[in-house]
Amino acid sequence: LENFKPEQTADDLVKTIFNYIKHISRLKDFDEIIMTLADMGRDLVGADRATVWLVDEGKKTIWTKVAHGVDRIEVPSGSGIVGCAIQMGEHILINDAYNDERFDKTVDKKTGYETRNIMTIPFRDADDKVIGAFQAINKMTGTGYFTDKDMEHLNLAALYLGSEISSLLLRLEIENTQKEIIFTMAEVGEMRSKETGNHVRRVAEYSKILALGLGMTELESELLKMASPMHDIGKVAIPDAVLLKPGKLDEEEFKIMKSHAYSGYKMLHHSDRRILRAAATIAYEHHEKWNGKGYPRRLSGEEIHIFGRITAIADVFDALGSDRVYKDAWELDRILNLFREEKGEHFDPNLIDVFFENLDEILHIRDKYKDIYK
Ligand code: C2E
Ligand code: SIN
Ligand code: SIN
Ligand code: SIN
Ligand code: FE
Ligand code: FE
């Protein structure tokens, strides 16, 4: 029989948690963070190894990139003890793995490791959805068995892990989606209204400044920044004769033009990517007005999603300051006057305050990404 090390004291545990959390907050790399979280779980319960499993909903698998001592493992969702725990949303403690029919021996077979005991705890995102599980394997302290106390400790780690990982996933998704967006844009063809490039970039930056100024989190603000450039994607469905008309649109033409909001929404809202869903909302609602006189649904006030209200300000500020086929750019003073007049009419009054509070930064962006042609 093996000799197990003594159990950690409560003080040790507190120190362990404190040190890990301090360390993790400085890390940037996804794999490194997950690995460190796995280390934390392992040390909290005195396990030999710990694994962080993540659910891949699209592929219907659960996977871990950073099991201690092993390369990436991917198994069908529902398989093994970890699959069970994730499906049921319940923790599972097993002290004799080989005598439990839920245990999937193939992993041991692949790695040559011998699993004695396993403790698995699902963790959830902010919406309470199970997004993965924490698994500790082989107790190395105390009696050599996992106890209810260990379960409690791992549970605490899992609570922390869930929120940490859902932000990480979002961040990761943002990176992947960035490529997807660029691809989508390219596929759709050059934006015929000639508003590409810097317009889109400025709207993105303004939106983020306003979101942060409003007190939204860094992550939500970044989500908005990534999504807002797609607000006019529905314009690809507008005929050239309308889109590129040098003069004022007549009533019929403007009716066609207004359809770009709903077209954009239709193009994007089926996606299960959070960023594209946010973009769908923005496309749909960026021409709504606070006073209920916008389009396409004549929503008013806080019925309009905050992302739509923010993008409206960013978009109009930029549209007015830019040359369009149908108009010349306005002077800054004229734009600012319009914004003062439209406070509580076109625009969310609270956001207009945020806009003026952050005007220096906004003008800095305007200058940094100014259009080079003209
Ligand atoms: P856009 O050029 O990106 O303009 C976005 C929004 O900025 C407009 O939404 C409007 O709220 C504001 N905006 C832009 N220019 C002016 C302006 O000269 N005066 C004022 N008061 N506001 C301005 P809106 O009006 O719903 O228009 C949506 C889109 O329809 C515009 O996007 C543009 O592509 C097109 N559009 C609007 N009016 C005309 C027009 O007279 N001629 C042409 N060819 N297109 C137009
Ligand atoms: C499982 O059955 O949960 C997988 C076992 C392991 O990771 O060793
Ligand atoms: C999360 O689970 O909250 C982030 C990942 C996603 O929205 O797909
Ligand atoms: C989203 O559509 O995912 C963002 C909505 C929000 O969290 O405000
Ligand atoms: Fe628009
Ligand atoms: Fe625009």
Side-chain angles (χ1 to χ4, degrees), residues 181 185 188 190-207 210 224-268 279-299 304-305 307-348 351-352 355 362 365-366 369 371:
I181 291 161
M185 293 277 195
V188 154
E190 85 270 29
M191 293 283 276
R192 290 172 301 117
S193 58
K194 298 184 182 141
E195 289 169 27
T196 35
N198 286 348
H199 167 63
V200 151
R201 168 168 247 143
R202 289 187 302 257
V203 169
E205 299 286 346
Y206 298 152
S207 298
L210 294 171
L224 172 60
K225 177 179 159 181
M226 295 306 306
S228 62
M230 287 176 278
H231 65 273
D232 272 339
I233 194 124
K235 279 184 180 173
V236 298
I238 305 296
D240 282 354
V242 175
L243 191 66
L244 300 179
K245 180 177 175 175
K248 201 163 165 47
L249 301 177
D250 67 27
E251 204 178 315
E252 186 55 31
E253 290 164 334
F254 196 52
K255 209 174 134 201
I256 295 169
M257 179 51 100
K258 288 195 285 193
S259 71
H260 80 278
Y262 183 57
S263 308
Y265 170 73
K266 272 193 305 187
M267 288 165 64
L268 296 164
T281 302
I282 292 166
Y284 209 6
E285 300 185 9
H286 74 283
H287 287 296
E288 299 288 358
K289 295 185 179 178
W290 183 259
N291 62 12
K293 294 181 183 164
Y295 62 87
R297 289 183 292 169
R298 300 179 67 89
L299 302 177
I304 310 163
H305 193 287
F307 285 177
R309 279 179 271 149
I310 291 175
T311 306
I313 292 185
D315 183 38
V316 174
F317 179 70
D318 203 67
L320 291 173
S322 308
D323 288 328
R324 288 282 196 264
V325 284
Y326 64 94
K327 61 169 267 290
D328 291 331
W330 288 20
E331 295 296 331
L332 180 63
D333 278 350
R334 191 174 166 203
I335 299 175
L336 297 182
N337 279 333
L338 180 100
F339 271 42
R340 281 183 203 107
E341 282 164 25
E342 294 290 344
K343 175 175 173 175
E345 294 297 328
H346 188 159
F347 304 119
D348 178 344
L351 277 173
I352 290 295
F355 172 87
I362 286 168
I365 294 295
R366 185 169 109 133
Y369 298 117
D371 294 316

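These numbers come from a predicted model, not from an experiment. Note that ligands are numbered from 1 as they come in the structure, with each ligand's atoms numbered from 1 the same way. Throughout, residue positions are numbered sequentially from 1 according to the sequence presented.
Between Lys225 and Glu205 there is a salt bridge, with a side-chain nitrogen of the basic residue lying less than 4.0 Å from a carboxylate oxygen of the acidic one.
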Lys289/Phe347 under side-chain contact (heavy atoms from CB on, under 4.5 Å): CA gap, chis, key distance, verdict: CA-CA 6 Å; Lys289 295 185 179 178; Phe347 304 119; over 6 Å; no
Leu351 and Trp290: CA distance, side-chain angles, deciding distance, side-chain contact (heavy atoms from CB on, under 4.5 Å) verdict: CA-CA 11 Å; Leu351 277 173; Trp290 183 259; over 6 Å; no
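Using modelled atom types, no side-chain atom of Thr311 and backbone atom of Gly308 make a donor-acceptor pair closer than 3.5 Å.
Considering both main-chain and side-chain atoms, Lys248 never comes within under 3.5 Å of ligand 1 through any nitrogen or oxygen pair. Close N/O approach between Lys327 and ligand 1 is not found [any backbone or side-chain N/O within under 3.5 Å]. Between Met257 and ligand 1, no pair of N/O atoms sits closer than 3.5 Å. When only interatomic distances are considered, the shortest N/O to N/O separation between His260 and ligand 1 does not fall below 3.5 Å.
Within the 4.0 Å heavy-atom shell around ligand 1 one does not find Pro246.
If you count the protein N, O or S atoms nearer to the Fe ion (ligand 5) than 2.8 Å, you get 4.
Close approach of ligand 1 to Tyr295 (heavy-atom distance below 4.0 Å) involves ligand atoms 24 (P), 26 (O), 27 (O), 28 (C). Short contacts between ligand 1 and Asp315, defined as distances under 4.0 Å to a heavy atom of the residue, involve ligand atoms 5 (C). Below 4.0 Å from some heavy atom of Val242 lie the following atoms of ligand 1, by number and element: 44 (N).
Remark: among candidates Arg324, Lys235, His346, the nearest residue to atom 32 (O) of ligand 1 is Lys235, based on non-hydrogen atoms. Distances from atom 46 (C) of ligand 1 to the heavy atoms of Asp328, Leu249, Asp250 put Leu249 nearest. Summarising the contacts of atom 6 (C) of ligand 1 with Val316, Leu243, Ile238, the nearest heavy atom is found in Val316.
Here Leu320 has side-chain heavy atoms under 4.0 Å from ligand 1, and that is the only part of it that gets that close. Under 4.0 Å from ligand 1, not a single heavy atom of Lys258 appears.
In the model, Asn337 has no side-chain atom that pairs as donor or acceptor with a side-chain atom of Arg334 under 3.5 Å.
Atom NZ of Lys327 has more than 12 neighbouring heavy atoms from other residues, nucleotides or ligands inside a 6.0 Å radius. By the 6.0 Å contact criterion, OH on Tyr369 is enclosed, its count of non-hydrogen atoms from other residues, nucleotides or ligands being greater than 12.
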